[in-house]
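What follows is one structure encoded as structure tokens, with my remarks underneath.
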Amino acid sequence: MRMKETSTPSAEPNLQNMKVLLEENAALRRRVEWFERQFFGQKSEKRPVDHPLQHSLLGDLPVPTEPEGEQTEVTYTRGKAPKQRPEDCVNDSGLRFNDQVPVEVIELNAPELQGADADQYVVIGTKTTFRLAQRPASYVVLRYERPIVRRKDKPQPESSPAPDNVLDRSLSDVSLLAGMLVDKFQFHLPLYRQHQRMVAAGVTVSRATLTHLVKRSIDLLRPIVAAQLISVLNSQVLAMDETPIKAGKAGKGKMSKGWFWPLYGDQDEIVFTFSKSRGRQQIENTLKQDFKGTLISDGYAAYTSYIEKNKEITHAQCWVHSRRKFIEAETEYPDRVKEALAMIATLYKEEERIEAQGLDETSKRERRLEKSKPVVDRFFEWCQQQLNLGDLLPSSPLRKALNYVISRETELRVFLEEPNVPLDTNHLERALRPIPMGRKNWLFCWTEVGAEHVGIIQSLVCTCKQHKINPYTYLTDVLLRINQHPASQVEELTPRLWKEKFAENPLRSDLASQ
């Protein structure tokens with residue numbers, strides 16, 4: 001008897017569906033891990049030191065286990081206190097402050113000197129106690145008494161002129177203008193909070209007035225930032241990045257998205273330019289034909305596209321951005337990623353040695369070619385070997401990281417030949433930090449002009465911090481000086497040159513003399 005043949009469904013479609021589901025599951029897991037890192041992960045990119053008793057908030061908690069082997073006794077030795085800064089005031093109370101902090105002396109009377117037998121005591125010395133105190137927000141009204149005189153042979157009286165003011169027909173002193181700018185853009189205190197503080201201090205002023213004062217003050221500073229931009233574009237090595245900001249209304253209840261494009265020059269000057277788009281056109285409009293040197297950036301394709309058409313610029317790329325790509329794959333491929341991160345860490349350790357030795361450009365280049373170049377060669381050989389294994393899916397984060405660095409090998413090798421080119425753009429990312437900090441406080445810019453004003457004032461405040469200049473002192477001096485300073489020498493008012501020329505004897509408000 002012949003048995004009837006039955007057809008069995010092929011297993012290939014099931015295997016294919018299984019692969020798709022596994023790949024989708026892995027992608028979803030990576031998304032969940034990314035969100036966990038944003039909420040609970042550390043922001044620093046330094047590698048953490050594992051501790052058996054320190055649990056992580058990412059994923060499941062580990063089960064504590066008893067240590068095996070002999071237990072060692074750990075003793076604690078009290079270390080020496082860190083040395084105080086030489087400019088700090090020395091006192092027995094432990095309070096440290098420099099000469100910029102005002103000190104008010106309160107003299108106390110001894111009870112023994114007021115009694116019936118006060119004549120039995122004699123003062124042989126004093127003992128000093130320091131306490132740090134705070135006043136609430138202090139606003140002062142400067143009252144100028146101008147004499148009115150009349151010449152004896154003329155009936156018409158004359159009055160002496162009022163002191164010059166920064167803003168014409170304004171009731172605000174330069175100290176108020178500089179204070180509002182510093183509070184808003186250095187310490188991220190929005191104007192509406194400053195207005196609340198004024199009201200609590202007994203000052204009646206509208207919020208629109210504060211906005212108008214800030215706008216007019218920043219407009220005075222625009223030529224200084226334009227001069228600083230020229231200085232930045234004359235750099236041999238220029239770092240450039242972009243960061244988003246909400247600016248201008250896009251409709252009812254919606255804000256448009258704009259971009260700040262910070263540029264960091266090789267003399268520690270930074271300029272924030274604003275654009276409504278993230279396209280290559282802004283790079284062309286900013287750099288124009290003025291910059292001819294080495295541009296270091298992240299892996300954004302707009303920079304590569306621009307430099308391909310401008311052969312006078314060398315393009316270098318950031319090793320930290322490459323490192324971040326491997327960190328994203330660390331969960332799935334811990335051993336491979338550990339090997340890649342170790343080679344990148346070797347490059348940074350070598351840079352620390354070069355920095356510690358203070359090598360000149362020639363010696364620095366020779367040291368990089370001798371020590372760092374073999375590590376870079378081994379790194380890219382290893383990356384190519386990992387791709388040749390053929391075990392990585394196209395959606396694998398490790399494969400994406402490998403393709404990212406291999407496609408940018410030429411740009412990542414630039415630092416080996418050019419000693420002034422850093423390994424990364426971390427110095428620029430640290431400098432642009434006030435922009436994301438501002439987004440958490442003043443949230444957005446109501447107009448695009450307001451965003452341009454933010455870029456102008458942040459260019460000066462951030463550059464002041466790079467050169468260790470007090471932004472309040474600088475802004476007070478410059479706002480007083482700019483109306484009398486020659487326009488042809490406006491570059492002298494940029495923070496870097498101002499420090500050399502005017503920092504020793506800056507102009508101050510009349511309030512400082514009271």
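Treat the numbers as computed from the prediction; the structure is a model and nothing was measured. As a basis for the values below, the full set of heavy atoms in this structure was taken, side chains included, without hydrogen atoms, waters or symmetry mates.
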Looking at side-chain heavy atoms only, is the closest gap between [X] and [Y] below 4.5 Å?
{"X": "V203", "Y": "V141", "result": "no"}
{"X": "R353", "Y": "K371", "result": "no"}
{"X": "F444", "Y": "W446", "result": "yes"}
{"X": "N420", "Y": "D266", "result": "no"}
{"X": "Q484", "Y": "L507", "result": "yes"}
{"X": "K465", "Y": "Q186", "result": "yes"}
{"X": "L432", "Y": "F260", "result": "no"}
{"X": "T425", "Y": "S297", "result": "no"}

Please give me the minimum heavy-atom distance between [X] and [Y], naming the atom from each residue.
{"X": "A451", "Y": "C445", "result": "CA-SG, 3.7 Å"}
{"X": "I224", "Y": "T494", "result": "O-CG2, 3.6 Å"}
{"X": "P506", "Y": "W498", "result": "CB-CZ2, 4.0 Å"}
{"X": "V478", "Y": "L493", "result": "CG2-O, 4.1 Å"}
{"X": "F272", "Y": "A431", "result": "CZ-O, 4.0 Å"}
{"X": "W261", "Y": "S275", "result": "NE1-CB, 3.7 Å"}

Distance, nearest 0.5 Å, that separates [atom1] of [X] from [atom2] of [Y]:
{"X": "R365", "Y": "L359", "atom1": "CZ", "atom2": "CG", "answer": "14.0 Å"}
{"X": "I296", "Y": "L428", "atom1": "CD1", "atom2": "CG", "answer": "9.5 Å"}
{"X": "Y139", "Y": "M198", "atom1": "OH", "atom2": "CE", "answer": "4.0 Å"}
{"X": "K499", "Y": "K468", "atom1": "NZ", "atom2": "NZ", "answer": "7.0 Å"}
{"X": "L479", "Y": "S509", "atom1": "CG", "atom2": "OG", "answer": "11.5 Å"}
{"X": "K349", "Y": "I344", "atom1": "NZ", "atom2": "CD1", "answer": "13.0 Å"}

Okay, side chain of [X], backbone of [Y]: is any donor-acceptor separation there less than 3.5 Å?
{"X": "T346", "Y": "A342", "answer": "yes"}
{"X": "K246", "Y": "M255", "answer": "no"}
{"X": "H485", "Y": "V490", "answer": "no"}
{"X": "W319", "Y": "L412", "answer": "yes"}
{"X": "N165", "Y": "S170", "answer": "yes"}
{"X": "S235", "Y": "V232", "answer": "yes"}

Any side-chain donor-acceptor pair under 3.5 Å between D241 and Y264?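 There is no such pair (donor and acceptor under 3.5 Å, judged by atom type) between the side chains of D241 and Y264.
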Can D360 and T362 be counted as having a side-chain donor-acceptor contact under 3.5 angstrom?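 No.
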Within a 6.0 Å radius of atom [atom1] on [X], are there more than 12 heavy atoms belonging to other residues, nucleotides or ligands?
{"X": "L369", "atom1": "CG", "result": "yes"}
{"X": "E504", "atom1": "CD", "result": "no"}
{"X": "D164", "atom1": "CG", "result": "no"}
{"X": "Q357", "atom1": "CD", "result": "yes"}
{"X": "Q196", "atom1": "CD", "result": "yes"}
{"X": "H427", "atom1": "NE2", "result": "yes"}

Pick out which of E361, E350, E351 makes a salt bridge (charged side-chain N to carboxylate O under 4.0 Å, His left out) with R368.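 Between R368 and the candidates, salt bridge (charged side-chain N to carboxylate O under 4.0 Å, His left out) is satisfied uniquely by E351.
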Could you go through the side-chain contact (heavy atoms from CB on, under 4.5 Å) check for L416 and S372 one step at a time? CA-CA 7 Å; L416 297 173; S372 299; 3.9 Å; yes
Is D183 paired with R197 through a side-chain N to carboxylate O contact shorter than 4.0 Å?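 Looking at D183 together with R197, the answer is yes, because their closest N to O distance falls below 4.0 Å.
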Could you tell me whether D219 and R222 make a salt bridge, using a distance below 4.0 angstrom between a side-chain N and a carboxylate O?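 Yes, D219 and R222 are salt-bridged.
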Return the orientation label for the F130 and F97 ring planes: parallel under 30°, perpendicular over 60°, tilted otherwise.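 Correct class here is tilted.
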May I have the step-by-step check of side-chain contact (heavy atoms from CB on, under 4.5 Å) for F291 and L263, ending in yes or no? CA-CA 11 Å; F291 175 68; L263 296 92; over 6 Å; no
For D173 and V140: C-alpha separation, side-chain torsions, deciding distance, then whether side-chain contact (heavy atoms from CB on, under 4.5 Å) applies. CA-CA 10 Å; D173 182 65; V140 179; over 6 Å; no
Reference residue T463; test side-chain hydrogen bond (donor to acceptor under 3.5 Å, both in side chains); the match among Q228, Q267, E269: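 Going through Q228, Q267, E269 one by one, the side-chain hydrogen bond (donor to acceptor under 3.5 Å, both in side chains) with T463 is satisfied by Q228 alone.
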Dump the intermediate steps for side-chain contact (heavy atoms from CB on, under 4.5 Å) on L181 and V461, then the final yes or no. CA-CA 9 Å; L181 294 176; V461 171; over 6 Å; no
Can you pull the ring-ring contact (aromatic ring centres under 6.0 Å, His included) pairs that have at least one residue in residues 173-194, sequence neighbours excluded?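 Every pair satisfying ring-ring contact (aromatic ring centres under 6.0 Å, His included) with a residue in residues 173-194: there are none.
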